[in-house]
S.K.: 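Got a structure for you, written out below as structure tokens; questions coming shortly.
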Amino acid sequence: MRAWNRAKLLWGYLARRSRLRGLPVEYIVETTAKCNLYCPMCPRESHPQPKADMTGEVFERLVRQAGNSAEHMMLIGLGEPFMDPHIFERIEFCHRHSISTLLSTNGTFLDERLSARVLDSPLEQITLSFDGAKKETFEFYRKGAKFEKVRDNFVRFARMKHERRSRLQVVVQMVRMDGNAAEVADFMAFWSAVPGVDQVRIKADETNLMRPDAGHAAGDWRHPCHYLWRGPMYVKQNGDVYPCCQSYMLDGAPLGNLGERTVGELWNSEAIEEMRRLHTAGRGGEVDICSRCCTTIPHPVLVAGSLALHGRTVRRLLPAIERLTYLSKLPARLLKPPKRG
């Protein structure tokens, strides 16, 4: 069923269809809007969030409607997942519907007890966010967190995973920005040597809070954005659904709410179909939110590959492909980030 769903999406992408017969492969699901840190590059700085969690009704409706086609749900958003009191129940619920799960954490809550609970769960991938190799840099980007405490939490967690021989994929990630770009080599050297860490990811900054003039130039729209054909769709804590995570950050309107419309209706709503039509015509820049977006647009070869493979495999390959491309070991046209700003 999932392979057939991917095949329908692949055909829709290659044929430049605005209406799709398949549902998204991936979803970003904001199970909580609560967070204990303040970070200058986070959209929480410009989009105040309620201290609220997604209701069980909304979450279960999403999983049941998407369960036969969804391959991967990222239980993240503008909140810290471990502030959601039901996060482990949600991971289990996805697992029962054969959906793999990922979450990303700032590490402030990841003590030994919580680490053991994570390793006992069916979570398939965890991203440990650590934006700097030096104390001053890290604490500038992660206001409210202590460098030594979070580093030690992450190292202990990775070693516990290694000792248990757990299959959980552990990714340590740094978002590369002007203030930490010089620390990439030290960051990679340190975390690559920690037992239990499967991947070290250097991720481009895909928000424009610290680069307000960033966005795509007119010539960047030769290829349509993969998000509109593959996902992930972004589901906010209150059930509002957006075509992608960036559309919310850039003040786009939601496609609708899960309490009022089904996933299928939202995925083929009039608004997202119009976005697909403009993208296939090379006019993606005419969509306001797209013109101001900082997300890399992959070459169609990579998009096709991402639909030929299971979502779990794609998530594991992505950091390696990014690293090879940014290190000029793969053609730069495969991943072309915005240059303006």
Side-chain angles (χ1 to χ4, degrees), residues 26-45 47 49 53-54 59 72-84 86-88 90-91 94 99-111 114-115 117-119 121-132 138 141-145 149-151 153-158 161 166 168-177 180 187 191 194 196-207 209 231-237 244-246 248-249 295 311-312 314-319 322:
E26 296 185 341
Y27 296 79
I28 295 175
V29 188
E30 185 183 87
T31 70
T32 183
K34 298 180 297 189
C35 189
N36 60 325
L37 301 184
Y38 297 91
C39 309
M41 68 289 193
C42 177
R44 293 180 64 90
E45 297 292 306
H47 296 71
Q49 301 296 304
D53 304 316
M54 178 178 284
F59 184 80
H72 203 87
M73 284 195 176
M74 292 166 270
L75 307 183
I76 54 178
L78 294 185
E80 163 56 40
F82 291 127
M83 293 188 75
D84 174 7
H86 305 292
I87 189 63
F88 290 102
R90 303 189 203 269
I91 293 169
C94 287
I99 300 172
S100 65
T101 49
L102 169 152
L103 61 76
S104 176
T105 179
N106 62 35
T108 54
F109 298 103
L110 201 60
D111 58 16
L114 183 61
S115 295
R117 193 171 181 190
V118 171
L119 292 167
S121 78
L123 185 71
E124 295 200 13
Q125 183 173 321
I126 187 169
T127 297
L128 310 178
S129 297
F130 201 80
D131 293 319
F138 173 83
Y141 286 121
R142 297 280 170 172
K143 298 184 187 302
K149 177 183 177 181
V150 175
R151 180 197 59 197
N153 282 354
F154 284 168
V155 169
R156 180 181 56 241
F157 176 81
K161 176 254 178 170
S166 169
L168 173 68
Q169 288 287 302
V170 175
V171 179
V172 181
Q173 174 177 287
M174 182 176 88
V175 177
R176 181 171 52 191
M177 294 166 282
N180 63 12
F187 180 90
W191 290 106
V194 175
V197 172
D198 297 291
Q199 292 179 327
V200 180
R201 185 184 187 194
I202 307 299
K203 184 177 182 291
D205 179 13
E206 294 185 343
T207 72
L209 289 174
M233 273 178 58
Y234 184 42
V235 185
K236 283 288 292 174
Q237 161 269 328
C244 65
C245 59
Q246 299 298 326
Y248 171 77
M249 322 301 183
T295 298
R312 178 190 299 113
V314 173
R315 295 303 305 179
R316 293 183 179 183
L317 288 175
L318 180 60
E322 288 176 329

S.K.: Would you call T31 and I87 a side-chain contact if the rule is heavy atoms closer than 4.5 Å?
M.R.: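 The answer is yes; the side chains approach within 4.5 Å.
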S.K.: State, with a plain yes or no, whether a side-chain heavy atom of M233 is found less than 4.5 Å away from one of C245.
M.R.: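 Of all side-chain heavy-atom pairs linking C245 with M233, none is under 4.5 Å.
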S.K.: My understanding is that only residues two or more places apart in sequence, or in another chain, count here; which of them pass side-chain hydrogen bond (donor to acceptor under 3.5 Å, both in side chains) with T105?
M.R.: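 Result, side-chain hydrogen bond (donor to acceptor under 3.5 Å, both in side chains) vs T105: E80.
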S.K.: Return the minimal non-hydrogen interatomic distance between I76 and S104, and the atom names on each side.
M.R.: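 Shortest heavy-atom separation between I76 and S104 comes out as CG2-N, 3.1 Å.
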S.K.: Partners of T108 by side-chain hydrogen bond (donor to acceptor under 3.5 Å, both in side chains), sequence neighbours excluded?
M.R.: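 T108 satisfies side-chain hydrogen bond (donor to acceptor under 3.5 Å, both in side chains) with N36, N106 only.
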S.K.: Could you measure the distance from the CZ atom of R201 to the CD atom of Q173? Nearest 0.5 Å is fine.
M.R.: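 One finds 5.0 Å between CZ of R201 and CD of Q173.
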S.K.: For the residue pair E26 and G311, what are the closest heavy atoms and their distance?
M.R.: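 Looking at all heavy atoms of both residues, the shortest contact is OE2-O, 3.9 Å.
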S.K.: So, using ring-ring contact (aromatic ring centres under 6.0 Å, His included) as the criterion, who are the partners of F138 when residues are at least two apart?
M.R.: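 Per chain and number, F138 pairs via ring-ring contact (aromatic ring centres under 6.0 Å, His included) with F130, F147.
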S.K.: Any non-hydrogen side-chain atom of V118 less than 4.5 Å from a side-chain atom of F88?
M.R.: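 Heavy-atom side-chain distance check passes, below 4.5 Å.
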S.K.: Using the side chain to side chain contact (heavy atoms under 4.5 Å, CB included) criterion, which residues pair with T101? Sequence neighbours excluded.
M.R.: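 Only L75, I91, C94, L123 meet the side chain to side chain contact (heavy atoms under 4.5 Å, CB included) criterion with T101.
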S.K.: Spell out, as yes or no, whether a donor-acceptor pair under 3.5 Å connects the side chain of R44 to the backbone of L37.
M.R.: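 A pair under 3.5 Å: no.
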S.K.: Hey, is the main chain of M174 close enough, under 3.5 Å, to the side chain of K203 for a donor-acceptor pair?
M.R.: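 Flag not set: sc K203 to bb M174 has no pair under 3.5 Å.
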S.K.: Is any side-chain heavy atom of C35 less than 4.5 Å from a side-chain heavy atom of Q49?
M.R.: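 No. Closest side-chain heavy atoms not under 4.5 Å.
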S.K.: Heavy atoms, side chains only, cut-off 4.5 Å: are N180 and F187 in contact?
M.R.: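 SC-SC contact between N180 and F187 ruled out.
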S.K.: Taking the side chain as every heavy atom from C-beta outward, state whether L128 and L110 have any pair of such atoms under 4.5 Å apart.
M.R.: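 Answer yes - side chains close enough.
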S.K.: So, for V150 and A145, which heavy atoms are closest and what is the spacing to 0.1 Å?
M.R.: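 Here V150 and A145 meet closest at CG2-CB, 4.1 Å.
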S.K.: Using 4.0 Å as the upper bound for N to carboxylate O, is an ion pair formed by D205 and R176?
M.R.: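 Judged by the 4.0 Å cut-off on N to carboxylate O distance, R176 and D205 do not form a salt bridge.
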S.K.: For the side chain to side chain contact (heavy atoms under 4.5 Å, CB included) test, which of L103, D53, V29 pairs with R90?
M.R.: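 Exactly one option meets the side chain to side chain contact (heavy atoms under 4.5 Å, CB included) with R90, and it is D53.
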S.K.: Mind checking whether M73 and L102 have side chains closer than 4.5 Å, heavy atoms only?
M.R.: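 A side-chain contact is absent here, since even the closest heavy-atom pair is not under 4.5 Å.
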S.K.: Is there side-chain contact between M74 and P232, with at least one heavy-atom pair below 4.5 Å?
M.R.: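 M74 vs P232: side chains touch.
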S.K.: Residues two or more places apart in sequence or in another chain: which of them pass side chain to side chain contact (heavy atoms under 4.5 Å, CB included) with D198?
M.R.: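 Partners of D198 by the side chain to side chain contact (heavy atoms under 4.5 Å, CB included) criterion, ordered by chain and then number, come out as K161, Q169, V170.
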S.K.: Under the side-chain contact (heavy atoms from CB on, under 4.5 Å) rule, what do V235 and M54 come out as? Steps first, then yes or no, please.
M.R.: CA-CA 10 Å; V235 185; M54 178 178 284; 3.9 Å; yes
S.K.: Measuring from L78:CG to K34:NZ, what's the distance to the nearest 0.5 Å?
M.R.: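 Going from CG on L78 over to NZ on K34, the span is 14.5 Å.
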S.K.: Can you name the residues that form a side-chain hydrogen bond (donor to acceptor under 3.5 Å, both in side chains) with Y234, not counting sequence neighbours?
M.R.: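 Here the qualifying residues are E30.
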S.K.: Between atom CZ of R151 and atom CG of N153, what is the distance when rounded to the nearest 0.5 Å?
M.R.: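 The CG atom of N153 is 10.5 Å from CZ of R151, to the nearest 0.5 Å.
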S.K.: For D111, give me all partners under side-chain hydrogen bond (donor to acceptor under 3.5 Å, both in side chains), at least two apart in sequence or on another chain.
M.R.: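 By the side-chain hydrogen bond (donor to acceptor under 3.5 Å, both in side chains) rule, D111 matches no residue at all.
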S.K.: Can you list the residues that meet the ring-ring contact (aromatic ring centres under 6.0 Å, His included) rule with F59, with sequence neighbours excluded?
M.R.: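 With neighbours one apart ignored, the set is empty.
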S.K.: Can you sort out the partners of S100 under side chain to side chain contact (heavy atoms under 4.5 Å, CB included), two or more places apart, ordered by chain and number?
M.R.: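 Once residues adjacent in sequence are excluded, the partners of S100 under the side chain to side chain contact (heavy atoms under 4.5 Å, CB included) criterion are H72, E124, R312.
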S.K.: My understanding is that only one of C42, C39, P40 makes a side chain to side chain contact (heavy atoms under 4.5 Å, CB included) with K143; could you say which?
M.R.: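 For K143, the side chain to side chain contact (heavy atoms under 4.5 Å, CB included) check succeeds only for P40.
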S.K.: Tell me, please, which residues at least two apart from V194 pass side chain to side chain contact (heavy atoms under 4.5 Å, CB included).
M.R.: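 In terms of side chain to side chain contact (heavy atoms under 4.5 Å, CB included), with neighbours along the sequence ignored, V194 is linked to V155, A158, F190, W191, V197.
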